[in-house]
Structures are given as structure tokens and as C-alpha cells.
Amino acid sequence: DWSSDVCSSDLGRTHSAFSQSGFRLMSAFLLASGDALQSALLWPLNMVRDFPRRAGRIAAAVLTVPRGRPAPFGAWIHALGWYMFDLFGGPETAQFFMRLATETRRLTSDEIDAVAAVLGPRAIRYRDVRIAQRGLLSIVFRLNNHRAFATWHTINLPEKWQSSLPLLVHELTHTFQYERVGSIYI
């Protein structure tokens with residue numbers, strides 16, 4: 001009967017259009033939040049890879065509890081807090097949300113070459129580093145007089161400093177510090 005042919009044909013077109021629009025929407029979402037999603041997917045890998053180093057920092061801190069004066073004990077508690085933050089994935093969690101609220105990009109090969117000439121080709125995990133701009137950072141940069149800053153593997157860079165390799169090298173030294181001693185560098 002002709003009515004069932006029309007209905008199934010309309011249903012097929014509707015389902016096809018819905019699938020295509022759903023696919024386009026999902027593609028747009030993945031492109032817009034690709035770095036954040038990648039950060040979320042790499043979180044378990046980073047946790048496993050960095051666990052021995054992070055756990056070692058806590059063990060060393062516990063074994064060196066200062067005795068006596070309150071000032072060294074306060075500094076020890078402060079360091080222990082940062083080591084715990086690292087151990088439980090604080091940097092990865094914070095970067096995930098920060099990258100959702102900004103526009104990010106990977107380092108270019110020229111940028112990696114410039115930094116590697118100063119820090120060394122294996123000094124940091126260059127593939128994990130992102131340059132963050134715009135979004136929520138627009139407000140931050142207005143409040144901090146457009147100063148760049150580093151947060152773990154994210155270099156928060158005002159647009160006016162986007163092409164400054166010396167500034168990028170400087171900020172990546174903080175990533176180098178983070179990879180060596182943890183979030184306590186902050």
C-alpha cells in the first residue's frame with residue numbers, strides 16, 4: 001500500500017537527517033573540545049606514568065618530618081599538600097576544566113625547536129603542552145595586566161605575546177620545573 005511506502009520513506013529521510021545533524025553536532029563538539037577531551041583521555045596514562053615519581057615525593061616528605069620549630073613544619077605541611085594534590089590528579093583535573101574554558105593549540109615545530117635548543121630535546125613532554133588563549137583567559141589577562149603564566153602543561157599566553165619565543169621559553173621552564181618537582185613550583 002502506498003501509505004506505508006510514504007511513511008517508511010519519510011521515516012528513513014528523517015532518521016538520515018537526524019543522524020547527519022547529530023554527527024555534525026558531535027564533530028563540532030569534538031573539534032571545539034578536542035584538547036580537553038584528549039586531556040581527559042590521557043589522564044589515566046599520566047597518572048600511571050607519573051605515579052612512581054609522585055608517590056616518591058610523598059614518601060620522601062613523610063620520611064623527613066621536621067621536628068621542633070613551627071616554621072619548618074608549616075612549610076612541610078604546605079609541600080605535603082601539593083604532593084597530595086599531584087598524586088590524586090589535581091593538575092590533570094584542573095587542566096581539563098581550564099582547557100574547556102579557553103582556546104588551546106599545540107606547540108608548533110618551530111616553538112619546540114626553540115625551546116629544545118635551550119632546555120634540551122627531551123627536557124619536557126612537548127606533546128603534552130598546550131598554548132591557551134581567549135575564552136575565560138580574556139578576563140584573567142585584563143586583571144593581571146596581560147601577563148603570561150604557566151599552569152602545569154598549559155602556557156596561558158595573551159595574544160599580544162603570541163609570537164614571543166623568549167617568553168615562551170621562559171614559561172616552559174615552569175613546565176620543566178613542574179615535571180621535576182611537581183605542583184609545588186607554583
Side-chain angles (χ1 to χ4, degrees), residues 28-54 56-57 61 75 78-186:
F29 174 76
L30 289 173
L31 286 173
S33 61
D35 280 337
L37 288 175
Q38 182 182 10
S39 295
L41 295 173
L42 290 177
W43 182 80
L45 172 67
N46 289 338
M47 292 299 296
V48 170
R49 177 185 53 210
D50 296 342
F51 182 81
R53 183 181 293 175
R54 291 175 179 186
R57 290 181 194 134
H78 180 258
L80 188 61
W82 280 114
Y83 296 151
M84 296 294 286
F85 177 77
D86 288 349
L87 184 68
F88 293 111
E92 290 82 7
T93 303
Q95 283 187 135
F96 172 75
F97 287 108
M98 288 172 60
R99 290 177 181 178
L100 280 177
T102 62
E103 293 178 22
T104 61
R105 67 171 178 83
R106 293 177 181 267
L107 293 173
T108 66
S109 58
D110 289 341
E111 290 168 337
I112 292 172
D113 291 344
V115 176
V118 175
L119 297 178
R122 294 176 180 241
I124 60 175
R125 295 190 308 254
Y126 294 104
R127 294 180 57 123
D128 290 355
V129 174
R130 298 293 184 273
I131 304 295
Q133 298 174 323
R134 298 185 189 93
L136 185 62
L137 285 175
S138 299
I139 297 167
V140 173
F141 291 141
R142 263 188 267 136
L143 295 172
N144 79 354
N145 202 23
H146 299 278
R147 291 187 181 109
F149 60 99
T151 47
W152 307 289
H153 285 105
T154 304
I155 307 305
N156 304 285
L157 201 59
E159 288 184 62
K160 72 179 190 175
W161 296 107
Q162 175 173 342
S163 61
S164 174
L165 286 177
L167 179 60
L168 182 63
V169 169
H170 168 81
E171 294 303 331
L172 283 169
T173 60
H174 297 301
T175 298
F176 177 85
Q177 291 168 327
Y178 163 66
E179 288 189 7
R180 299 301 174 285
V181 298
S183 294
I184 198 166
Y185 86 94
I186 293 176

Between [atom1] of [X] and [atom2] of [Y], what distance do you get to the nearest 0.5 Å?
X    : Y    : atom1 : atom2 : result
L165 : T108 : CG    : OG1   : 7.5 Å
F149 : N156 : CZ    : CG    : 4.0 Å
R105 : I155 : CZ    : CD1   : 10.5 Å
R134 : F141 : CZ    : CZ    : 11.0 Å
H153 : Y126 : NE2   : OH    : 11.0 Å
R180 : R57  : CZ    : CZ    : 10.0 Å

Exercise for the section: Check the surroundings of atom CZ in R125: do more than 12 heavy atoms from other residues, nucleotides or ligands lie under 6.0 Å from it? Expected result: yes
Exercise for the section: Flag yes if more than 12 heavy atoms outside W82 fall under 6.0 Å of its CH2 atom; otherwise flag no. Expected result: yes
Problem - For V169 against A114, the heavy-atom pair lying closest together - result: CG2-O, 4.2 Å
Handout entry: Minimum heavy-atom distance H174-A150, with the two atoms named
Key = CB-CB, 3.8 Å
Exercise for the section: Give me the ring orientation class for W152 and Y178: parallel if the planes are under 30° apart, tilted from 30 to 60°, perpendicular past 60°. Expected result: perpendicular
Handout entry: Residues R54, E92; criterion salt bridge (Lys or Arg N to Asp or Glu O under 4.0 Å); working and verdict
Key = CA-CA 13 Å; R54 291 175 179 186; E92 290 82 7; 2.8 Å; yes
Problem - Worked check of side chain to side chain contact (heavy atoms under 4.5 Å, CB included) between R130 and Q95 - result: CA-CA 10 Å; R130 298 293 184 273; Q95 283 187 135; over 6 Å; no
For the residue pair [X] and [Y], establish whether any side-chain heavy-atom pair is separated by less than 4.5 Å.
X    : Y    : result
R106 : V129 : no
Y83  : L87  : no
L157 : L137 : no
F85  : P91  : yes
L107 : L168 : yes

Handout entry: Steps toward side chain to side chain contact (heavy atoms under 4.5 Å, CB included) verdict (T154, R99)
Key = CA-CA 8 Å; T154 304; R99 290 177 181 178; 3.1 Å; yes
Handout entry: Distance-only side-chain donor-acceptor flag, E159 / H146, under 3.5 Å
Key = no
Practice task
Output yes when a side-chain donor or acceptor of S138 lies under 3.5 Å from a complementary backbone atom of G135, and no otherwise.
Solution key: yes
Exercise for the section: Using atom types as modelled and distance alone, determine if a side-chain donor or acceptor of D86 lies under 3.5 Å from a backbone N or O of S183. Expected result: yes
Handout entry: Residues that T175 engages under side-chain hydrogen bond (donor to acceptor under 3.5 Å, both in side chains), provided they are two or more places apart
Key = none
Exercise for the section: Would you please test I124 and L172 for side chain to side chain contact (heavy atoms under 4.5 Å, CB included) and show each step? Expected result: CA-CA 8 Å; I124 60 175; L172 283 169; 3.9 Å; yes
